[in-house]
There are 2 protein chains.
Amino acid sequence: MNDVKLTSTLAFRLGTLGAVVTERFSARLAADGLKPKHVGLLAILEAGTATSQLDIAKLMNVAPSLVVSLADRLEELGAVRRERDPADRRRQTLALTAEGRELLAACTAAAAELDAELTDGLKPEEVKALRGVLGTMAERSGLPAD
Amino acid sequence: MNDVKLTSTLAFRLGTLGAVVTERFSARLAADGLKPKHVGLLAILEAGTATSQLDIAKLMNVAPSLVVSLADRLEELGAVRRERDPADRRRQTLALTAEGRELLAACTAAAAELDAELTDGLKPEEVKALRGVLGTMAERSGLPAD
DNA sequence: CAATATCGTTCACGACTCGAATGATTGAGA
DNA sequence: TCTCAATCATTCGAGTCGTGAACGATATTG
């Protein structure tokens, strides 16, 4: 019959590889006392895709209550300013501070370093193709495509 | 300065995409009462890469105590037989049963379906390239390359 | 034979995330 | 204007997942 191996499946491989990569990314972030989700939140703010906590939660596919604790931590670090939306005072608006931008830049640099390790020895066109395919797959899955 | 976006980073994208994919894979596995790690264990047994629980734990990058509970569940389902190694009675040897093979086949089929969804609309050569690159990256990270 | 190491197991714990309950604020309709 | 329902943020309790520290059984070494 069909003797496809589980481990050669894209689903399984993306899953396991994704896990080790986030693990490695986490390790680099640990120095700043952050988790990947904190950085994801910062990236959303920089992109301007959402500013209210609820919108951020939706964008991150995460419970609103989680955004509260992420924002707490980021505010504590001075990376983010919390302001009530004057137009709707129920809303908390998150805004990147200068420190937040620096922090995000540092984390992005860490991710780029990791990229270099991951793609070391690969042909540039392979990397380019990988980027492209992952981009379209991310887009399809409702993730930020860029 | 350098305005690379975090979200276009391979590390970040592999991480988030990996999470989404395992989530979707988990959903399909839920019907059988399994988690991805259960299936990973089954795959190791089929590949014959390890049979003792400790070796399996090492291969999975996981605590030995976790393998205990995974094996408990799989034994409960009749997918795995637990036997003391006659040569070293401290060792528990796990062996796939016929049911276990069927179960693994079903899970592999589920993963393959998911693959089809993920790659739908992509050019065959893109998919092939993706497989190749992910394979070498997995291998580099100490994961089962095939 | 004694001392030490190894394997599997149990158990208590920490990390992570969610969902329900709560309070503040808004908007709709009588 | 005055309810009443809906919405947003927050807190809090609970569930899941995985780890690491004991512990008992077995093996190995001197």
Side-chain angles (χ1 to χ4, degrees), chain A residues 15-16 18-20 22-27 29-41 44-45 49-76 80-95, chain B residues 15-16 18-27 29-30 32-41 44-45 49-76 80-95:
Chain A
T16 51
V20 319
T22 46
E23 170 56 37
R24 290 221 253 163
F25 187 42
S26 280
L29 262 39
D32 298 301
L34 295 179
K35 303 286 165 82
K37 303 223 164 172
H38 293 122
V39 189
L41 176 36
I44 288 179
L45 293 181
T49 325
T51 55
S52 90
Q53 296 189 182
L54 189 62
D55 291 343
I56 293 172
K58 286 175 188 163
L59 222 52
M60 293 181 71
N61 288 316
V62 120
S65 56
L66 181 59
V67 177
V68 173
S69 58
L70 294 176
D72 282 348
R73 177 83 185 114
L74 290 172
E75 196 178 24
E76 196 176 289
V80 145
R81 248 191 344 260
R82 238 188 190 121
E83 292 158 351
R84 287 279 166 192
D85 181 347
D88 182 344
R89 310 229 323 276
R90 289 170 302 184
R91 301 189 145 223
Q92 286 280 38
T93 288
L94 301 185
Chain B
T16 52
V20 172
V21 169
T22 47
E23 171 57 35
R24 288 221 254 162
F25 187 43
S26 281
L29 262 38
D32 299 301
L34 295 179
K35 302 286 164 78
K37 303 221 166 177
H38 292 122
V39 189
L41 176 36
I44 288 179
L45 293 182
T49 325
T51 54
S52 89
Q53 296 189 181
L54 189 63
D55 290 344
I56 293 171
K58 286 175 188 163
L59 221 52
M60 295 181 71
N61 288 316
V62 119
S65 55
L66 181 59
V67 177
V68 174
S69 57
L70 294 175
D72 281 349
R73 176 83 186 115
L74 290 172
E75 197 178 24
E76 196 176 288
V80 145
R81 248 190 347 258
R82 239 190 191 120
E83 293 159 351
R84 287 279 166 191
D85 181 348
D88 183 344
R89 311 229 322 274
R90 289 169 302 184
R91 300 190 146 222
Q92 287 277 38
T93 288
L94 301 186

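Labels below follow one simple rule: chain letters A, B, ... track the order of the sequence lines, proteins then strands, and each chain is numbered from 1. Just so you know, these numbers come straight off a predicted model, no measurement behind them.
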**Q** List for me each residue that meets salt bridge (Lys or Arg N to Asp or Glu O under 4.0 Å) alongside B:E83, sequence neighbours excluded, and say none if there are none.
**A**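 For B:E83, the residues satisfying salt bridge (Lys or Arg N to Asp or Glu O under 4.0 Å) (neighbours in sequence not counted) are B:R81.
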**Q** Could you give all pairs that pass the side chain to side chain donor-acceptor pair (under 3.5 Å) test and reach residues 54-64 of chain B, with sequence neighbours left out?
**A**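 Sorted pair list: B:S52-B:D55.
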**Q** Check every nucleotide of DNA chain C for an atom under 4.0 Å from a heavy-atom of chain B, then give the first and the last such nucleotide from 5' to 3'.
**A**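 The contact span of chain B on DNA chain C goes from C:dA5 to C:dT10.
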**Q** Nearest whole Å is fine: how far is D:dG18 C1' from B:R73 CZ?
**A**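 Between C1' of D:dG18 and CZ of B:R73: 18 Å.
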**Q** Under the side chain to side chain donor-acceptor pair (under 3.5 Å) test, which residues partner B:T16, sequence neighbours left out?
**A**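 Here no residue qualifies.
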**Q** Can you tell me which residue pairs pass the salt bridge (charged side-chain N to carboxylate O under 4.0 Å, His left out) test with a partner in residues 30-41 of chain A, sequence neighbours excluded?
**A**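 As it turns out, there is no salt bridge (charged side-chain N to carboxylate O under 4.0 Å, His left out) pair with a partner in residues 30-41 of chain A once direct neighbours are skipped.
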**Q** Could you run down nucleotides 19-30 of chain D 5' to 3' and tag each one B, S or - for protein heavy-atom contact under 4.0 Å?
**A** BB----BBS---
**Q** D:dG18 P sits how many Å from B:K58 NZ, rounded?
**A**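 The distance from NZ of B:K58 to P of D:dG18 comes to 20 Å, rounded to the nearest Å.
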**Q** Restricting to side chain to side chain donor-acceptor pair (under 3.5 Å), what partner residues turn up for A:D85, sequence neighbours left out?
**A**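 Listed in chain order: nothing, the list is empty.
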**Q** Do any side-chain atoms of residues 64-73 of chain B form donor-acceptor pairs under 3.5 angstrom with protein atoms, and if so which ones, sequence neighbours left out?
**A**
{"from": "B:S69", "atom 1": "OG", "to": "B:L66", "atom 2": "O", "distance (Å)": "2.8"}
{"from": "B:D72", "atom 1": "OD1", "to": "B:R82", "atom 2": "NH1", "distance (Å)": "2.8"}
{"from": "B:D72", "atom 1": "OD1", "to": "B:R82", "atom 2": "NH2", "distance (Å)": "3.1"}
{"from": "B:R73", "atom 1": "NE", "to": "B:G33", "atom 2": "O", "distance (Å)": "3.3"}
{"from": "B:R73", "atom 1": "NH1", "to": "B:E76", "atom 2": "OE2", "distance (Å)": "2.7"}

**Q** Are A:V62 and A:I56 side-chain neighbours, meaning at least one heavy-atom pair lies under 4.5 Å?
**A**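 Heavy-atom side-chain distance check fails, nothing below 4.5 Å.
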**Q** Report the residues that fulfil side chain to side chain donor-acceptor pair (under 3.5 Å) with B:R84, sequence neighbours left out, ordered by chain and then residue number.
**A**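 By the side chain to side chain donor-acceptor pair (under 3.5 Å) rule, B:R84 matches no residue at all.
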**Q** Protein-nucleotides 1-3 of chain D N/O pairs closer than 3.5 Å?
**A**
none

**Q** Holding to side chain to side chain donor-acceptor pair (under 3.5 Å), I want the full list of residues that pass it with B:R91, two or more places apart in sequence or in another chain.
**A**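 Partners of B:R91 by the side chain to side chain donor-acceptor pair (under 3.5 Å) criterion come out as none, since no residue qualifies.
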**Q** Sequence neighbours left out, what passes side chain to side chain contact (heavy atoms under 4.5 Å, CB included) with A:S26? Give chain and number order.
**A**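 Expected list: A:P36.
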